[in-house]
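These notes are about the structure you will find just below.
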Amino acid sequence: MRSTQEEEPQDPQLVRLDNMLLAEGVAGPEKGGGAAAAVSAATSSGGMSPDSSLEHSDYKSKLSQIRTIYHTELEKYEQACSEFTTHVMNLLREQSRTRPVSPREIERMVAIIHRKFSSIQTQLKQSTCEAVMILRSRFLDARRKRRNFSKQATEILNEYFYSHLSNPYPSEEAKEELAKQCGITVSQVSNWFGNKRIRYKKNIGKFQEEANLYAMKTAIGATQSEESPHTPNSTGEMKTPSPVFRRDSTAPERTG
DNA sequence: ACTAATGATTATAG
DNA sequence: CTATAATCATTAGT
């Protein structure tokens, strides 16, 4: 016996599909009656914050829909497979009266049928995976629940940006400090500076007033007995606002 | 409703 | 991994 250890070839792609479906609870054991129960439960019991609760219930309901469709189709396929198999078996049996039909041939036929339906199932899994991915990216995308920062936070961030306009790249420590002051996360600070840099560079003219404003603010905060406020020229632009900041590597504050 | 501002994500490169 | 540039999706002003 060569003991063909084929068992189940299962290419890695299919395994990944299965894993993902399982992780998402689509292919796992049946839980709950369905979407309706989850939705009603979530809406009636306002335990969590209204936002996350509502969005999550919506997400779960759609996921449940996908799950139901997936299982229905899967059952249909299996039923069709077995029906077709018995049908073919009957045909073979009928043929065995006029032709010698070896049991091996029967096995091969059955194997072929199963392979075919297996590929169909894989397709179903793939499309289900796609649907889940789309659903995820649609509901778990933080862009959906974006909020503007508080005016104070933007003030602080702008102050830092315009007082470091020549090198607006805050170190990790500075980012943490800013995050703490603004009540946002470090990632949000990074996002803010990334957006600010590119948008400032792209359209310096738009930000001139802002730049002057904050420059003046910081100047006032820094100097107290320098000069009398005589407002030199309040008729037009003050001066050239640093054309383009260059990533100056004069501050390699790398500590980690 | 249309548009600008804005925060977050994606794609690409160093 | 970080920075940039483009793009997306929502908020807010008209």
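The sequence lines fix the lettering, A, B, ..., with proteins before strands; numbering per chain opens at 1.
Identified under the ring pair (Phe, Tyr, Trp, His ring centres under 6.0 Å) test for residues 94-116 of chain A, with sequence neighbours left out: none. Each ring pair (Phe, Tyr, Trp, His ring centres under 6.0 Å) pair with one or both residues in residues 171-199 of chain A, not counting sequence neighbours, appears once here: A/Y160-A/F193.
Contacts of A/R93 classified as side chain to side chain donor-acceptor pair (under 3.5 Å), with partners at least two apart in sequence or in another chain: none. A/E105 meets the salt bridge (charged side-chain N to carboxylate O under 4.0 Å, His left out) test with no other residue; sequence neighbours excluded. Remark: A/K180 engages no residue in a side chain to side chain donor-acceptor pair (under 3.5 Å) (not counting sequence neighbours).
Rounding to whole angstrom units, CD1 of residue A/I198 and P of B/dT6 are separated by 16 Å. Whole-Å rounding puts the A/F193 CZ to B/dT6 P distance at 15 Å. The separation between A/N167 atom CG and C/dA3 atom P is 11 Å, rounded to whole Å. For the pair A/N158 CG and B/dA5 P, the computed distance is 14 Å after rounding to whole Å. Separating the CD atom of A/E210 from the P atom of B/dA5 is a distance of 11 Å, rounded to the nearest angstrom. As rounded to whole Å, 13 Å separates atom P of C/dA9 from atom CD1 of A/I134. Put simply, CZ on A/R147 is 15 Å from C1' on B/dA5, counting in whole angstrom units. For the pair A/W192 CH2 and B/dG7 P, the computed distance is 8 Å after rounding to whole Å.
For A/R199, counting side-chain heavy atoms from C-beta on, the closest listed nucleotide (C/dA3, B/dA5, B/dA8) is B/dA8. Among the nucleotides C/dT4, B/dA8, C/dT11, the one closest to the side chain of A/Y169 is C/dT4.
A salt bridge links A/K196 with A/E210: at least one charged nitrogen is closer than 4.0 Å to a carboxylate oxygen.
Within the structure, every side-chain polar atom (N or O) of A/Q188 is placed at least 4.0 Å from both OP1 and OP2 of B/dG7. The shortest distance between the side-chain N/O atoms of A/R144 and the OP1/OP2 oxygens of B/dA8 is not below 4.0 Å. Put simply, A/K145 has no side-chain N or O that comes within less than 4.0 Å of OP1 or OP2 on C/dA9.
Toward the 5′ end of DNA chain C lies the nearest nucleotide of A/K175, the other residue of the pair A/K175 and A/K202 mapping further downstream. Each of A/R146 and A/P170 lies near DNA chain C, and the nucleotide nearest A/P170 is the one positioned closer to the 5' end.
At a threshold of 4.0 angstrom between heavy atoms, the contacts of A/K196 with the nucleic acid are absent.
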At a cut-off of 3.5 Å, list every protein nitrogen or oxygen paired with a nitrogen or oxygen from nucleotides 9-11 of chain B, distance to 0.1 Å.
none

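Looking at heavy atoms from C-beta onward, A/T185 lies out of side-chain contact with A/V189 at the 4.5 angstrom threshold.
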